[in-house]
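One structure is given here, and the rest of the page talks about it.
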Amino acid sequence: MQFAKKDILDIASLSAEDITLILDTAEKMKEISSRPVKKVPTLRGKTVVLFFYEASTRTRTSFDIAAKRLSADSISISASTSSIVKGETLIDTAKNIEAMNADVIVMRHSSSGAPHLLARSLKASVINAGDGTHAHPSQALLDMMTVRENKGTLKGLRIAIIGDILHSRVARSNIAGFTKMGSEVVLAGPPTMMPRDIESLGAAVTYNIAEAVEGADVIMMLRIQKERQKGFLFSTEREYAAVYGLSKKRLEGAKKDVLIMHPGPVNRGVEISPEVADGPYSIILDQVTNGVAVRMSLLYLVLGGARNVAD
Amino acid sequence: MLLIKHGRLIDPGRWDGIYDILIEHGKIADIAPNLEPRTPNDKQVRGMRYEVRGDSPNLEPRTPNLTTINASGKIVVPGLIDMHVHFREPGEEYKETIETGCLAAVHGGFTAVCTMPNTKPVNDNRQVTEYILRKAYEAKAARVYPVGAISKGLEGNALSEYGELKSAGAVAVSDDGKPVTNSRLMRKALEYAKGFGLLVISHCEDLELAGNGVMNEGVYGTRLGLAGIPNAAESVMVMRDIALCELTRARLHIAHVSTAESVAAIREAKKRGAAVTAETAPHYFTLTEAAVGEYDTHAKMNPPLRSERDREAVIEGLADGTLDVIATDHAPHSSLEKDVEFDRAANGIIGLETSLSLSLQLVEKGVLTLPELIEKMSLNPARILGLDKGLKKGSPADITLIDPERSYIVNAETFRSRSRNTPFNGMQLKGCAVMTIVDGNIVFDIEKQ
């Protein structure tokens, strides 16, 4: 199968076949990272610009490592060092980068839709590394990869996503991805953290965490940001942990082989208790490992890998 | 002299039928079927300058300097009035000047506009009002009726000087662009304005409820990850202002109504006899939140495009008279403000050059009759603003000629406005202004473009 997309902007614009191809490719890529010499020449001579308008350690490092393992040259630009502090517009900055013949621009931005703006104005490929509260496709893909690796399939699974759905691009991308692959997604959290009409994306909603956990194959906890208190999203961390936090006791209703996930960074003791985060069902660190593989797969595919390189 | 012949004259309450209009010295000299110009001295006028428009062979020049316009098949109406526009002068002339705004107005069939006071500096004093009027006079296109600020600097802390604004030429006060958050200030503004016979125009928005929202709260915003503005952010303020209107018995006009709940609140208030009037804009009855598509900033405005249910409620409000006026909220912005991240883009779209065509779709769909449309685009704004307008002998000749059959594709590049921020570019539309006459002067003629 051939991958025809120039850009990876969100999960909604990928088909189930696209997703399967990305995950299959990622599984092959994963092996590279376990070699003594963790590098292949596949993307030698390609330039990947990591254009981060918003702070990120995990995602940026992951893309950086992915590019380097495929022998692409990667350059990092962050908001504080770039000319946006001098008032340059996003499009101007990006066009300047493109003029230096960048092949892929990986962008993180606090504005939803910023990668779409970029993709419209550039010939280079754009990979969305998280935009506002809209999408985080590489995160959803690595989540799907990790679940598929553990469960063998994504069909017929019950995925519970718990926490601040309103502000979560991870949740939106995972709803789109898992439902597309045949899983059932249930969302839980206080009503203050539920976006209006979220059911229209194909997920069920409950305000009761026990209900969401009941029979779940996967529980994905989202980070609670303390500053959301100011927006009246919740009262105190104490109450949040008591009502919506994932404790060992809460896990009782879930399937015996339930998987616990978290996109990180984890707020231990708030949305998830330390014993659960570090417990036997936690695949939080597998997510991170697979993140590199998925990003290698994305870079390879948007650069026409499937067309140029035989298996 | 101008003689407009064979047009269908519509001035609800006065005319509906085929009449001719004679214009002399900038005023309407006569209206009657089959008017012939006076001073018929054929020999004298041979060789003198005249024009014959249209294709009727029967039009003979009889009077010196007589321009005869064949308006057969056209609709002749009192000049359209857009009571809600933003011309960016003074302060942001790169977006729109009073001159380019007035040209856009007459190209869209408007003979008069009301300019909102959120210029830089704010129109909260005589100097700015007079400056706007002087620039409008020099532009020699549409008439401009400035709106002064409710509060000094639009800051919501102190009343601006309504007496001075009124004597300088302001016809209303508004803090448009911003709500008057302080309810006591709003109450006093309504009372104080009443003393000067000034209309208060309210931009209804609860800023706390709107929060950091950038589009309608609902399915589309959720999918796009764009923070939402709930309908209630508008309607709670509409309800507050109606309560204050009833308390003060002052006249209140509600700007850019976008939600079903607002329409319902205004409808109920009118039933109770409150002195409230309201307007909506063509984009609220033409488009929904779906127009945002993939982050199209040309579909970003405040209030935002709403759901289909709201669009239908706005249409219903126009049909039953709850909404008195169609105004554009013409808000020019350059690519500097629009070709950026959606949440950072400025609110607003231009509307003067598409408003009439979009509004004529309501007639096409049977929502409004033509006379009702003319009420909402000319008579009602004049009545609400206290302006003496209409097609009657002795009145200034402010007239719009409409060709209801003329089809075209919107091309923003041809706009007279200095800005291009319209979501209607490329749209196929039918019906538009073909001639605009202000004070007896032809300020727009589609055949001469």
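Lettering of chains follows the sequences in order, A, B, ..., and the numbering in each one begins at 1.
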Item to check | Evaluation steps, side chain to side chain contact (heavy atoms under 4.5 Å, CB included), between B/D339 and A/I91 | outcome: CA-CA 8 Å; B/D339 212 359; A/I91 291 180; 3.7 Å; yes

Checklist entry - Where do B/E294 and A/R120 land on the side chain to side chain contact (heavy atoms under 4.5 Å, CB included) test, with the steps shown first? => result CA-CA 10 Å; B/E294 286 218 323; A/R120 275 200 292 271; 4.3 Å; yes

Next on the checklist: Walk me through whether B/V219 and A/I198 qualify under side chain to side chain contact (heavy atoms under 4.5 Å, CB included).
Outcome noted: CA-CA 7 Å; B/V219 182; A/I198 188 76; over 6 Å; no

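The shortest heavy-atom contact between A/R172 and B/G225 is NE-CA, 3.8 Å. Pairing each heavy atom of A/S112 with each of B/D343, the nearest pair is N-OD2, 4.4 Å. Nearest heavy-atom pair across A/H134 and B/R223 is CD2-O, 3.3 Å.
Side-chain rings of A/H116 and B/F342 stay apart, their centers remaining 6.0 Å or farther from each other.
Atom CZ of A/F234 has more than 12 neighbouring heavy atoms from other residues, nucleotides or ligands inside a 6.0 Å radius. Taking a 6.0 Å sphere around CD of B/Q428, one finds it holds more than 12 heavy atoms contributed by other residues, nucleotides or ligands. When the shell of 6.0 Å around NZ of A/K95 is examined, it contains 12 or fewer heavy atoms from other residues, nucleotides or ligands.
Taken from OG1 in B/T297 to CG in A/L117, the straight-line distance is 8.0 Å, to the nearest 0.5 Å.
Neither the backbone nor the side chain of A/H167 comes within less than 4.5 Å of any heavy atom in chain B. Heavy atoms of A/S168 lying under 4.5 Å from chain B are absent altogether. Neither the backbone nor the side chain of B/N212 has a heavy atom closer than 4.5 Å to any heavy atom of chain A.
Side-chain contact check for B/T222 and A/D197: no donor-acceptor pair (N or O, by modelled atom type) lies under 3.5 Å.
Residues B/P230 and A/R196 have side chains in contact (heavy-atom distance under 4.5 Å, counting atoms from C-beta outward).
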